[in-house]
Every structure is written in structure tokens, then in C-alpha cells.
Amino acid sequence: MLDLKFVRENMDLVEGALRRRRTAVDLSGFEELDRARRETLASVEKLRAERNAASEEIGRLRRENKDASALMERMKEVSAAIREGEEGLPGIERRMEEVLLSLPNLPDPSVPDGQGEEDNPTVRTWGDPPAFSFPVRDHVDIGTELDILDFDRGAKIAGARFCLLKGAGALMERALINLMLDVHTREHGYTEVLPPFLANTASFIGTGQLPKFEEDLFRVAGTDYYLVPTAEVPVTNVVRDEILPADTLPRKMTAYTPCFRAEAGSHGKDVRGMIRQHQFNKVELVKICRPEESMAELESLTADAEKILIRLSLPYRVVTLCTAELGFSAAKTYDIEVWLPSQGRYREISSCSNFTDFQARRAKIRFRDGAKGKVRLAHTLNGSGLAVGRTVVAILENFQQEDGSVLIPEALRPYMGGMERIGPA
RNA sequence: GGAGGGAUGGCCGAGUGGCUUAAGGCGGCGGUCUUGAAAACCGCUGAAGCGCGAGCUUCCGUAGGUUCAAAUCCUACUCCCUCCGCCA
């Protein structure tokens with residue numbers, strides 16, 4: 001959510017910044033609502049001040065056993081006038097709230113303009129795509145033949161876009177989760193949390209998925225619960241409605257959760273394999289920090305995620321999302337893309353974003369600046385560290401051998417009971 | 001699921017209709033004292049909205065209601081605690 005005062009005073013700037021995101025907004029109606037609200041508020045508050053003064057007077061008169069009935073009678077009218085004046089206010093405020101909640105974050109000035117994926121500049125590249133002396137197969141063929149991925153059974157149990165992992169496949173998924181959590185907690189200073197996998201409406205509004213993107217979520221029928229689409233939701237909301245001591249910042253948390261995505265609009269994209277599923281595992285990194293530090297924290301958070309790929313010897317590149325690709329709540333995002341031999345290109349495996357004060361304002365995440373300082377909105381960040389299912393895909397494809405087996409990256413072997421290779425069943 | 005008890009500022013906690021513009025404490029900040037610190041003492045210290053400003057208004061879990069006036073009374077809901085039941 002953008003700051004009301006800022007929007008009011010910088011309408012043109014806001015409209016211009018959102019045009020950079022290819023989001024057309026017309027704020028003229030909002031301007032009118034804002035004016036009406038302030039006029040109403042001014043007159044109602046004046047009446048309330050009158051009533052408060054009279055109430056005090058009535059209290060005084062009654063204590064002195066004097067007659068207050070005339071004043072009480074007059075206040076009846078004032079109270080009626082207040083009620084009447086207030087009448088339109090909830091409606092106006094609700095409509096303003098709707099507008100504010102529907103406006104995406106403003107892109108950071110460093111974010112390049114662009115129309116689509118092809119306009120995301122590459123920041124850096126690590127590792128070399130492996131060369132193969134045999135025909136490359138994709139993870140579906142490799143995994144099915146090794147009997148570690150079973151898409152047919154996944155579909156039988158749940159439906160399309162679900163997968164069953166078996167044997168060394170299930171073990172690898174679990175091993176990756178442990179490796180990632182260990183690296184982030186022991187080497188990068190994050191505190192591990194294991195949050196609820198369902199969260200309520202208030203939490204989803206806090207991080208920006210609601211009210212706008214309900215169709216992307218699975219809701220538990222008859223309840224106020226949604227399945228989390230990312231640990232970002234429960235973990236960022238750990239500090240919702242709190243005022244944090246400044247010396248506890250930056251607060252760094254990491255969490256494993258399964259992620260559930262309905263993604264109504266995504267049909268037809270990545271229909272094959274484990275790239276795009278209704279359920280997948282992810283280890284998430286979340287930071288709450290001072291505004292001055294958030295851009296530097298974004299750099300280090302991205303580096304923390306990259307570290308996992310380096311450990312696993314998976315070639316990747318980092319791109320900056322251009323204005324058109326930026327997510328709703330983000331001011332700046334780096335995507336980390338891993339090399340997928342079967343597709344001959346890099347595919348997203350992590351998305352690291354600085355949300356500036358956008359989520360903090362919605363979720364009331366604040367800190368006290370200095371011992372007697374002002375209360376200020378914090379900045380929030382998060383990034384995948386990493387998407388586990390896609391990491392399995394990348395390992396199967398990058399480490400595939402001519403005989404159909406898959407070498408296990410050395411860093412992962414201790415987490416898989418010393419297993420060095422997944423051989424044919 | 002049943003019965004009871006609760007929800008008040010960063011934290012704890014008093015407060016059953018009008019001198020509550022929320023007592024008191026803790027914590028924090030400033031000061032006195034001290035070589036320095038601690039202790040002691042003194043002072044300051046909730047959040048948000050509106051207004052150029054003096055200032056005004058709102059907020060005591062949430063939403064309604066009663067009243068000239070609500071932290072306080074009424075209704076519904078949410079969450080927490082204790083006990084019982086069920087259960088991994």
C-alpha cells in the first residue's frame with residue numbers, strides 16, 4: 001500500500017511511475033473522495049469537540065447538584081448531527097481503501113523500463129552450462145525412468161499438476177530442504193521458523209496477495225483460511241502489528257513450507273513436468289530491516305540464495321526484473337535463473353525482492369528509531385532460497401549421465417546417506 | 001465439542017457511566033550526584049488522523065447497539081488461558 005499523504009501530494013508522479021509498470025491508473029476519482037473525506041471529517045470533529053466540552057460541563061453541573069437538562073437536551077441535537085455527518089464516512093473510506101489496496105508498489109528508480117521478460121538485463125552469470133556427448137533428456141524422462149518421479153500417480157491422487165516423489169527422489173527433496181536450511185541458519189545468520197501452512201485474510205492482505213489475487217490461492221471451504229502460496233505470507237506476518245526495537249534489525253528468518261498455488265491464469269504454460277505445480281516445496285528467506293538498509297539487504301539476500309546454487313554446482317544467472325515484470329508488491333526484484341539443459345535456457349528458481357514499506361504499511365510492521373525516536377515503517381524483503389522442486393529438476397538435468405543415472409552433487413551427498421549416484425531402478 | 005475466566009500504551013497492570021485529557025510500575029531517554037558506573041532522587045516518555053498554526057479528533061480485542069455522555073452497560077464475533085471430553 002502506498003502512503004495516502006504521498007499519493008495525495010504526488011498524483012502525477014504516482015500515475016507516471018505506475019505507467020512504467022504498464023499499469024494504467026486514473027486517480028481523479030480518488031482525489032474527489034479524499035477531498036470529501038477531509039471536509040466531512042473537519043465538520044464532524046468540530047461537533048465532537050463541542051459535545052466533549054458539553055459532556056464535561058454536564059458532569060460538573062451534576063456533581064454540584066445543578067440542573068443540566070437544558071444542556072443535555074441540546075446535546076441530543078448535536079449527537080444527531082454527528083451521526084448524520086458521519087453517515088457517508090465509512091463508504092468513502094472503504095472506497096479509498098479499495099483504491100489504495102489495488103495500487104501496486106512504485107518501481108525503484110534503478111529498475112529498468114521494459115515490456116517483458118526479454119527486457120530483464122542480466123546482472124551476472126555463474127558457471128558454465130554442461131556439454132553433453134549424448135542426447136539430452138528432460139527431468140520427466142530421467143525421473144520417470146529412474147522411478148523417482150511419478151506424474152501419473154500424482155494425477156491419480158490429486159489431479160493435474162501434482163507429482164509423487166519416490167525413493168531417491170523423495171530423499172533428494174528432503175535432503176535439499178535440510179541443506180538449504182542449514183546453510184542459511186549456520187552460515188548466513190537466519191533464524192529458522194516453521195510457520196502454519198494456512199494463514200488468514202489479514203495476513204494475506206498484509207503481504208499483498210489479497211484482495212487482488214484471490215484466484216491464485218486455494219481457500220479452505222467455509223473458513224477464513226488460505227493455503228500459503230509461499231512462506232513469505234506467514235513469515236512476514238510474524239511481525240505484523242508490531243513495533244520492533246531498532247537494535248533487533250535486520251531480522252532475518254528462513255522457513256521451509258510447501259507452497260500451494262491455484263494460478264488460474266497459468267494454464268497452458270509449462271504443462272509438462274515439475275516446473276509448475278499446484279504444490280511445491282520452497283525454503284524462503286525473509287528480512288525485516290531499516291529503510292536505509294533495504295537495498296543493500298536485497299543484494300546480500302540474493303547472494304545468500306545464490307550460495308545454494310554454487311554449493312550444488314548448478315550454473316545460473318541473475319537478472320533484474322524490468323518494470324513490466326515486477327510483482328505487485330515489489331519495488332525491485334532480482335530473479336535467479338538456473339540452467340536447464342532440456343530447454344537450453346535459464347529458468348527462474350528464485351525471486352528476491354525488496355518491498356520497501358509497501359507490505360510494512362499494510363501489515364503495520366514498524367520499528368522505534370533510536371531509544372526515544374519516532375516510530376517508522378520498516379522495509380520487508382524476501383527471496384526463495386530456493387524453490388526445491390525446481391532444484392531437483394535442475395540437478396536431474398544438469399547431472400544426467402549417458403547411462404541414464406544421475407550424479408548427486410557432492411554437497412548434497414552427506415544429506416543423502418552418502419549416496420553418490422541415482423542409478424536405474 | 002462443553003464449562004468457566006480473560007483481552008487496557010514497548011511490557012506489566014489499575015480502572016463497573018461524567019474531576020480518566022487511562023492511575024501506578026517496568027523498560028527507555030535526559031538530568032542531579034559520582035573519577036567512571038551502579039544505586040538513589042528529579043523530569044520526560046503510547047499510536048494514528050485533520051489543521052499553516054494555537055489546537056482539535058479518534059483509538060482500551062473486532063463489529064454493532066443503548067445514552068446528553070461508554071475502557072466501563074447490552075448483543076454478536078475473534079483470539080488467549082484453565083478444566084473436562086476427543087485425538088496424533
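All heavy atoms count here, side chains included; hydrogens, waters and symmetry mates do not. In this text, all values refer to a predicted model and were calculated from it rather than measured experimentally.
- Classification of the His278(A)-Phe162(A) ring pair by plane angle, with boundaries at 30° and 60°, yields tilted.
- Under a 4.0 Å N-O distance rule, the pair Glu57(A)/Arg60(A) qualifies as a salt bridge.
- Between His184(A) and His188(A), the angle of the ring planes lies from 30° to 60°, which puts this pair in the tilted group.
- Using a 4.0 Å heavy-atom cutoff across all strands shown, Arg74(A) reaches no nucleic acid atom at all.
- Ala42(A) comes within 4.0 angstrom of no nucleic acid atom, judged by non-hydrogen atoms across all strands.
- Considering only side-chain atoms of Ala49(A), the nucleotide from rC56(B), rC68(B), rC50(B) that sits closest is rC56(B).
- Counting non-hydrogen atoms under 4.0 angstrom, Arg83(A) reaches nothing in the nucleic acid.
- Using atom P as the reference point in both rG15(B) and rG28(B), the two lie 27 Å apart (nearest Å).
- Met72(A) comes within 4.0 angstrom of a base, heavy atoms only.
- One distance of note links CG of Leu386(A) with CD of Glu306(A); it measures 10.0 Å at 0.5 Å rounding.
- Contact annotation: side chain of Glu242(A) to base of rG10(B), donor-acceptor pair absent below 3.5 Å.
- The Ile58(A) side chain lies nearest to rC68(B) when the options are rA48(B), rC68(B), rU57(B).
- Taking atom C1' in both rG1(B) and rU66(B), the straight-line distance is 34 Å, to the nearest Å.
- In this structure, Tyr226(A) has its ring center at least 6.0 angstrom away from the ring center of Phe218(A).
- Nearest nucleotide to the side chain of Ser55(A), out of rC56(B), rC50(B), rA69(B): rA69(B).
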Taking only N/O atoms, report every protein-nucleotides 86-88 of chain B pair under 3.5 Å with atom names and distance.
none

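- Applying the Watson-Crick and G-U wobble criteria (two distances, each under 3.5 Å), rU21(B) pairs with nothing in any strand.
- Sequence order on RNA chain B of the closest nucleotides to Tyr225(A) and Arg8(A) puts Arg8(A) first from the 5' end.
- In this structure, Ser79(A) does not reach the rU67(B) phosphate: none of its side-chain N or O atoms is under 4.0 Å from OP1 or OP2.
- Nucleotides of RNA chain B nearest to Asp3(A) and Arg60(A) differ in position, and the one nearer the 5' end is that of Arg60(A).
- Within 4.0 Å of Arg366(A), counting heavy atoms only, lie sugar-phosphate atoms of the nucleic acid but no base atom.
- A salt bridge is absent between Arg347(A) and Glu337(A); no separation between the charged side-chain nitrogens and carboxylate oxygens falls under 4.0 Å.
- Closest to the Arg38(A) side chain, of the nucleotides rU58(B), rC56(B), rG51(B), is rG51(B).
- Using a 4.0 Å heavy-atom criterion, one finds that Lys364(A) contacts no nucleic acid atom at all.
- The gap from the P atom of rU78(B) to that of rC29(B) amounts to 42 Å, rounded to the nearest Å.
- When heavy atoms are screened at a 4.0 angstrom cut-off, Arg62(A) is found touching base atoms of the nucleic acid.
- Among the nucleotides rU57(B), rA69(B), rG10(B), the one closest to the side chain of Asn52(A) is rU57(B).
- For the pair Asp216(A) and Arg261(A), the salt-bridge criterion is not met [side-chain N within less than 4.0 Å of a carboxylate O].
- To the nearest whole angstrom, the two P atoms, one in rC11(B) and one in rA7(B), are 15 Å apart.
- No salt bridge links Asp150(A) with Lys156(A); every basic N to acidic carboxylate O contact stays at or beyond 4.0 Å.
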